[in-house]
Each structure stands twice: as structure tokens, then as C-alpha cells.
Amino acid sequence: MMSLEGLRSSPPRPPAFPPLTGAARWRGRKIGLLGGSFNPAHEGHLHISLHALKRLGLDDIWWLVSPQNPLKSTDGMASLDKRMASARAIIGRHPHLHVTDIEHHLGTRYSIDSIQSLQRLLPHSHFLWLMGADNLQQFPRWRQWTEIMGRMPLAIFDREHYSRNCLTGKVASRYRRGRLNEGALKSIATAKTPAWIFLPLRRHPASATEIREAQPASSPFSVAMNSKE
């Protein structure tokens, strides 16, 4: 199996993505993938992650800090190092939450490419894609989104103003037979695809856009953008 050593940030700074010498570390583990700009990371990301760990029976969650989201403007985007640092600060030393810039090291820009690479590198791990209801609405704009549905289960988290539309939208309608009920929460990571589940949960008020708007002009996160993470 190809070594993953070196795919983490360098130099190592705890609690950075753990150094890997092969696939044994992750064999058989259920891993949630939370991708995004994290511009900056905030308590809302942590809120979702902690609920996912508990309710979905996951072993770990990786925060995939994107080099650049193709659907977002570069205006007001802090550097990858700054965004990684903000994510580490939020996670602290939680043993099952990991911040990684693995997409930067893999050279992948689109989620489908990252998913294919991770599944090739770690064929005996079980991955679950985590996203908010707002992202499910725009999911059909993602490159090869139907391929993603065929490769990996999805867990969709309630998000104010978006949930009703996303549950009646294109993805939900097309894959209505793949929607699992809450009784399948603990097994969603190993479910046969296409499969997805919607998780109502107490909403967290944190917004990356509002955080950026509140920052002083000297902050790398000070410029507001139109979209919210």
C-alpha cells in the first residue's frame, strides 16, 4: 500500500493531521469527511462534527481544508496556512477530529477527485461525506455529483433557511429511494450507495461570513464574501 507519509502539513504541529506510514492506521474505520474553505473555521463546524461523531457512530472526522473551492471567489480568501491554523484552534486536541490539507498535497481541486484518491489510497476504510443542507441545494453544480453519490454515502445536516428546499430539490427527488431513516444513523457510513440521511439538530448560530465581517481590516479573514460556509 502506498505510504501517506508527507501528506500532512509540514512542519508537524499538534494537533495536525497525524503522520501516516500506510493504511493500517485507518483500516476498517468509519471516517466522516467535512470539506470546505474554513475561512475561518468556527464553532459551527465543531458543533456539526461532534454531533456526527456521536450520532453517526463515526471513528474519526477529517476536516479537509480546501486549497480553493471552485464555487467560491478568491476575494477575501485567507491563505491556506491561516485557514489551517483557524481550524486547529477550534478543534484543539480532540483525539478523533483531524485537520488536514491533504487535498493540497494530492493536487486535487474538485471533491470527486479527492474522494477517488482517498478511496484508492485507503480501500479498507469507510468514508462518509458530511455537508450542510445549503450545500445539498447546490450539489448538482459540483463536478460529477452523481459519481459522488455512487461512491460515498452522504449525511446532510439541518441548516436554517435551506433544509425545506433541499429536501424537495433535485438531489432529494432523484435519490429519494436512497434516503435512509434515522434508524440507520449508525450504519450510514457502511451503507450501499447511493445512500443519504438527513439529520435534524439544534442549529448553531456561527457563520464564517459574519465572523469575517466582524474582523478588523488587518485580519486575514476581514473581507466578507457572498456565500456562507
Side-chain angles (χ1 to χ4, degrees), residues 23 26 29-38 45 48-49 51-52 55-58 60-73 100-159 161-201 226-229:
W26 306 104
R29 294 182 76 81
K30 295 187 289 186
I31 302 168
L33 301 177
L34 183 63
S37 301
F38 296 95
H45 296 124
I48 286 176
S49 298
H51 273 274
R55 298 178 65 187
L56 300 175
L58 299 177
D60 302 278
I61 291 180
W62 296 359
W63 285 13
L64 305 181
V65 183
S66 171
Q68 171 58 42
N69 187 328
L71 296 180
K72 291 184 179 180
S73 168
T100 178
D101 57 354
I102 196 169
E103 290 182 304
H104 169 71
H105 294 281
L106 290 173
T108 55
R109 186 182 180 200
Y110 296 95
S111 297
I112 181 60
D113 298 326
S114 300
I115 288 168
Q116 289 173 336
S117 294
L118 289 173
Q119 289 181 327
R120 184 176 66 253
L121 290 165
L122 300 172
H124 301 296
S125 300
H126 307 287
F127 291 106
L128 172 67
W129 194 266
L130 310 175
M131 68 165 64
D134 53 328
N135 278 320
L136 189 67
Q137 263 191 286
Q138 66 169 351
F139 194 46
R141 296 174 57 197
W142 292 26
R143 175 172 288 190
Q144 295 179 256
W145 69 277
T146 57
E147 174 74 7
I148 295 175
M149 291 294 300
R151 280 184 166 270
M152 186 175 294
L154 272 64
I156 313 302
F157 289 89
D158 188 11
R159 185 154 187 191
H161 308 309
Y162 295 101
S163 296
R164 176 176 293 184
N165 288 338
C166 92
L167 292 177
T168 57
K170 183 175 182 178
V171 180
S173 297
R174 180 165 181 170
Y175 292 99
R176 60 186 180 278
R177 293 183 178 178
R179 181 179 178 182
L180 305 182
N181 59 41
E182 289 194 47
L185 284 174
K186 300 289 187 180
S187 60
I188 180 65
T190 56
K192 181 179 179 181
T193 57
W196 63 283
I197 199 164
F198 179 79
L199 278 80
L201 78 163
N226 291 329
S227 56
K228 294 189 177 183
E229 298 92 330

Could you measure the distance from the [atom1] atom of [X] to the [atom2] atom of [Y]? Nearest 0.5 Å is fine.
{"X": "Glu103", "Y": "Leu64", "atom1": "CD", "atom2": "CG", "value": "5.0 Å"}
{"X": "Phe157", "Y": "Asn135", "atom1": "CZ", "atom2": "CG", "value": "12.0 Å"}
{"X": "Ile31", "Y": "Met152", "atom1": "CD1", "atom2": "CE", "value": "9.5 Å"}
{"X": "Ser125", "Y": "Trp62", "atom1": "OG", "atom2": "CH2", "value": "6.5 Å"}
{"X": "Ile197", "Y": "Leu154", "atom1": "CD1", "atom2": "CG", "value": "11.5 Å"}
{"X": "Leu122", "Y": "Ser117", "atom1": "CG", "atom2": "OG", "value": "10.5 Å"}

Would you check if [X] and [Y] make a side-chain contact, meaning some heavy-atom pair closer than 4.5 Å?
{"X": "Met131", "Y": "Phe139", "answer": "yes"}
{"X": "Glu147", "Y": "Gln116", "answer": "yes"}
{"X": "Leu199", "Y": "Leu56", "answer": "yes"}
{"X": "Ile115", "Y": "Phe127", "answer": "no"}
{"X": "Val171", "Y": "Trp196", "answer": "no"}
{"X": "Asp101", "Y": "Pro67", "answer": "no"}

Can any side-chain N or O of [X] pair as donor or acceptor with the backbone N or O of [Y] at less than 3.5 Å?
{"X": "Arg176", "Y": "Ser173", "result": "yes"}
{"X": "Gln119", "Y": "Arg151", "result": "yes"}
{"X": "Trp142", "Y": "Ile148", "result": "no"}
{"X": "Lys30", "Y": "Leu128", "result": "no"}

So, using side chain to side chain donor-acceptor pair (under 3.5 Å) as the criterion, who are the partners of Arg174 when residues are at least two apart?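 Not a single residue meets the side chain to side chain donor-acceptor pair (under 3.5 Å) criterion with Arg174.
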Taking only residues two or more places apart in sequence, or in another chain, which ones meet Glu182 in a side chain to side chain donor-acceptor pair (under 3.5 Å)? none
So which atom in [X] and which in [Y] form the shortest heavy-atom distance, rounded to 0.1 Å?
{"X": "Gly150", "Y": "Thr193", "value": "O-OG1, 2.6 Å"}
{"X": "Arg143", "Y": "Ile112", "value": "O-CG2, 3.7 Å"}
{"X": "Pro153", "Y": "Ala189", "value": "CG-O, 4.0 Å"}
{"X": "Leu167", "Y": "Ala172", "value": "O-CB, 3.5 Å"}
{"X": "Val65", "Y": "Ser37", "value": "CG1-O, 4.0 Å"}
{"X": "Leu130", "Y": "Ala52", "value": "CD1-CB, 4.1 Å"}

Would you say the side chains of Trp63 and Ser49 form a donor-acceptor pair under 3.5 Å?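 Their side chains do contain a donor-acceptor pair, which is all the 3.5 Å distance test asks for.
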